[in-house]
Undergrad: 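Take a look at the following structure, please.
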Amino acid sequence: MGRDLPWRRSRDPYAIWISEIMLQQTQVKTVLPYFDRWMALFPTVAVLAAADQQQVLKAWEGLGYYSRARNLHRTAQVLVQAFGGQFPKELDPVLKLPGIGRTTAGGILSAAFNLPVPILDGNVKRVIARLVALEVPPGEAIDRLWGISERLVPKDRGRDFNQAFMDLGATVCTPKHPDCPSCPWRTDCQAYAQGVQTQVPKAVVRSPLPHKRIAVLMAVNGAGEVLIIQRPQAGLLAGLWDFPRWRVGR
DNA sequence: AAGTCGGGGCG
DNA sequence: CGCCCAGACTT
């Protein structure tokens with residue numbers, strides 16, 4: 001019952017890599033229009049590697065977490081220069097690529113090459129936590145959760161299993177209102193057996209967000225044009241105060 | 001271990 | 001308004 005998504009129609013590692021990066025902390029519905037535009041603009045890793053960084057950032061505009069776009073561009077250049085434009089098929093070299101961590105590496109290697117590499121994204125964390133009725137917040141049991149994901153992924157069906165795993169979390173085993181009656185793992189789920197599926201995973205106790213009072217200046221001329229200064233490569237609020245000719249007083 | 005980085009959806 | 005989303009990276 002897998003969702004029919006554009007990047008699932010492809011087994012091109014490039015297209016799958018792009019989708020995995022776009023999907024980091026970003027919902028499928030948000031990614032859909034960006035993915036199609038991106039593949040039209042940058043159809044291959046060679047085209048992306050040769051593109052201007054401003055053009056790459058423009059195509060990413062609105063998705064947020066802009067270091068993802070800069071890392072995509074850098075990685076495209078690494079792939080062309082050091083890997084002959086081919087995406088590596090082993091975990092170690094993939095993990096060295098900028099912007100690709102363990103979950104994204106597993107997502108790419110399983111979807112593109114059907115390798116049994118585990119994943120542990122937000123969906124999978126929640127599904128496993130409920131499956132074993134995890135007693136602590138997932139952050140305190142990361143190693144155990146990775147171990148379970150690794151033992152579950154079948155040697156010959158990494159692609160189907162990992163995608164089904166994420167689909168289950170995204171469509172059935174949802175955070176607030178899991179649809180347990182239609183869940184294929186219902187009879188294996190310890191949280192369901194104990195009737196605590198909505199209380200697992202346990203929430204992290206986080207300190208309250210501080211409230212800060214700030215001043216904002218918007219410069220508009222008579223023609224209605226607005227002054228815009230591009231942010232630095234790294235840093236947002238932190239780097240803001242380092243702009244040349246900016247001075248911040250109290 | 002805790003911060004940083006974003007825009008959008010949802011109840 | 002607060003939480004969550006196919007996390008990675010720095011400090």
Side-chain angles (χ1 to χ4, degrees), chain A residues 2-3 5-8 10 13 15-35 57 59-75 91 94-112 117-129 136-143 145-146 149 153 158-178 198-212 231-242:
Chain A
R3 291 175 287 179
L5 303 169
W7 45 89
R8 288 187 178 174
S10 169
I16 291 165
W17 162 50
I18 298 299
S19 75
E20 288 291 335
I21 301 299
M22 287 186 172
L23 287 160
Q24 289 171 0
Q25 298 291 289
T26 308
Q27 295 184 344
V28 166
K29 191 185 351 178
T30 306
V31 166
L32 283 171
Y34 282 90
F35 179 78
L57 288 170
W60 198 266
E61 192 175 63
L63 271 179
Y65 286 122
Y66 294 92
S67 63
R68 293 186 293 175
R70 291 191 297 269
N71 285 335
L72 270 182
H73 196 209
R74 284 177 53 203
T75 290
L91 191 54
V94 172
L95 285 175
K96 290 194 177 73
L97 298 171
I100 301 184
R102 211 172 154 187
T103 284
T104 300
I108 298 170
L109 290 174
S110 61
V117 189
I119 56 174
L120 191 64
D121 65 1
N123 285 319
V124 170
K125 279 180 194 166
R126 184 174 56 256
V127 172
I128 297 179
V136 298
E140 296 177 24
I142 287 297
D143 291 346
L145 294 174
W146 271 111
S149 182
V153 58
R159 174 186 300 125
D160 287 343
F161 181 83
N162 280 345
Q163 294 186 10
F165 214 170
M166 290 186 283
D167 274 1
L168 189 63
T171 65
V172 176
C173 194
T174 54
K176 299 292 181 188
H177 307 288
T198 57
Q199 296 150 53
V200 179
K202 276 193 64 178
V204 202
V205 254
R206 58 185 73 180
S207 50
L209 294 174
H211 284 216
K212 297 182 178 181
R231 53 172 286 195
Q233 292 280 329
L236 184 55
L237 287 178
L240 193 60
W241 317 125
D242 298 329

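Chain letters run A, B, ... following the sequence lines, proteins first, then strands; residues in each count from 1.
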Undergrad: Which residues satisfy the side-chain hydrogen bond (donor to acceptor under 3.5 Å, both in side chains) test with A/Thr103, sequence neighbours excluded?
TA: none
Undergrad: On DNA chain B, compare the nucleotides closest to A/Gly139 and A/Gln24; which residue's is nearer the 5' end?
TA: A/Gly139
Undergrad: I'd like to know if A/Arg68 reaches the base of C/dA6 with its side chain such that a donor and an acceptor end up less than 3.5 angstrom apart.
TA: no
Undergrad: Return the value, rounded to whole Å, for the distance between atom CD of A/Glu20 and atom C1' of C/dG7.
TA: 11 Å
Undergrad: Do you know which two heavy atoms are closest between A/Val117 and A/Asn162, and how far apart they sit?
TA: O-ND2, 2.9 Å
Undergrad: Check side-chain contact (heavy atoms from CB on, under 4.5 Å) between A/Ala15 and all other residues, then give those that pass, not counting sequence neighbours.
TA: A/Ser10, A/Asp12, A/Phe35, A/Met39
Undergrad: Nearest-nucleotide wise, let me know which of A/Arg102 and A/Ala203 is further upstream toward the 5' end of DNA chain C.
TA: A/Ala203
Undergrad: If we take the P atom in both C/dA8 and B/dG9, what is their distance in whole Å?
TA: 23 Å
Undergrad: State which residues pass side-chain contact (heavy atoms from CB on, under 4.5 Å) with A/Glu140; sequence neighbours excluded, sorted by chain then number.
TA: A/Val136, A/Pro137
Undergrad: Figure out the CZ/P separation between A/Arg70 and B/dG6, and round it to whole Å.
TA: 7 Å
Undergrad: Heavy atoms only, 4.0 Å cut-off, all strands: where does A/Trp7 land among base, sugar-phosphate and nothing?
TA: base
Undergrad: Return all side-chain donor-acceptor pairs below 3.5 angstrom for residues 168-176 of chain A, not counting sequence neighbours, or 'none' if the list is empty.
TA:
| from | atom 1 | to | atom 2 | distance (Å) |
| --- | --- | --- | --- | --- |
| A/Thr171 | OG1 | A/Asp167 | O | 2.7 |
| A/Thr174 | OG1 | A/His177 | O | 3.1 |

Undergrad: Distance between the C1' atoms of B/dC5 and C/dC4, in whole angstroms?
TA: 16 Å
Undergrad: What pairs with A/Tyr34 under ring-ring contact (aromatic ring centres under 6.0 Å, His included), at least two apart in sequence or on another chain?
TA: none
Undergrad: Distance check needed: C/dA8 C1' versus A/Asp121 CG, whole Å only.
TA: 14 Å
Undergrad: Pick out the pairs of N or O atoms, protein on one side and nucleotides 7-11 of chain B on the other, that lie under 3.5 Å.
TA:
| from | atom 1 | to | atom 2 | distance (Å) |
| --- | --- | --- | --- | --- |
| B/dG7 | O3' | A/Gly62 | O | 3.4 |

Undergrad: Who pairs with A/Thr30 by side-chain hydrogen bond (donor to acceptor under 3.5 Å, both in side chains), at least two apart in sequence or on another chain?
TA: none
Undergrad: Give me the residues of residues 164-176 of chain A where at least one heavy atom lies under 4.0 Å from an atom of DNA chain C, by number, or none.
TA: A/Met166, A/Pro175
Undergrad: Measure CD1/A/Ile142 against C1'/C/dA8 and give the value in whole Å, please.
TA: 13 Å
Undergrad: Would you indicate what A/Arg126 reaches in the nucleic acid, counting non-hydrogen atoms under 4.0 angstrom: base, sugar-phosphate, or nothing?
TA: sugar-phosphate
Undergrad: Nearest whole Å is fine: how far is C/dA6 C1' from A/Leu72 CG?
TA: 14 Å
Undergrad: Provide, to the nearest angstrom, the distance between the NZ atom belonging to A/Lys125 and the C1' atom belonging to C/dC5.
TA: 12 Å
Undergrad: Taking only residues two or more places apart in sequence or in another chain, which ones pass side-chain hydrogen bond (donor to acceptor under 3.5 Å, both in side chains) with A/Ser19?
TA: none
Undergrad: Taking only residues two or more places apart in sequence, or in another chain, which ones meet A/Leu32 in a side-chain contact (heavy atoms from CB on, under 4.5 Å)?
TA: A/Pro6, A/Trp7, A/Val28
Undergrad: Which whole-number value in Å describes the distance from A/Asn123 CG to C/dC5 C1'?
TA: 8 Å
Undergrad: Rounding to an integer number of angstrom, what distance separates C/dA6 and B/dG11 when you compare their P atoms?
TA: 15 Å
Undergrad: Rounding to an integer number of Å, can you tell me how far A/Leu23 CG sits from C/dA8 P?
TA: 12 Å
Undergrad: Could you write out each protein N or O paired with an N or O of nucleotides 9-11 of chain C at a distance under 3.5 Å?
TA:
| from | atom 1 | to | atom 2 | distance (Å) |
| --- | --- | --- | --- | --- |
| C/dC9 | OP1 | A/Gly99 | N | 2.3 |

Undergrad: If you measure from CG on A/Leu63 to CD on A/Gln24, what distance do you get to the nearest 0.5 Å?
TA: 11.0 Å
Undergrad: Run A/Arg8 and A/Gln163 through side-chain hydrogen bond (donor to acceptor under 3.5 Å, both in side chains) and show every step you take.
TA: CA-CA 9 Å; A/Arg8 288 187 178 174; A/Gln163 294 186 10; 3.1 Å; yes
Undergrad: Please identify each residue that fulfils side-chain hydrogen bond (donor to acceptor under 3.5 Å, both in side chains) with A/Arg126, with sequence neighbours left out.
TA: A/Asn123
Undergrad: I'd like the P distance from C/dT10 over to B/dG6, given in whole Å.
TA: 15 Å
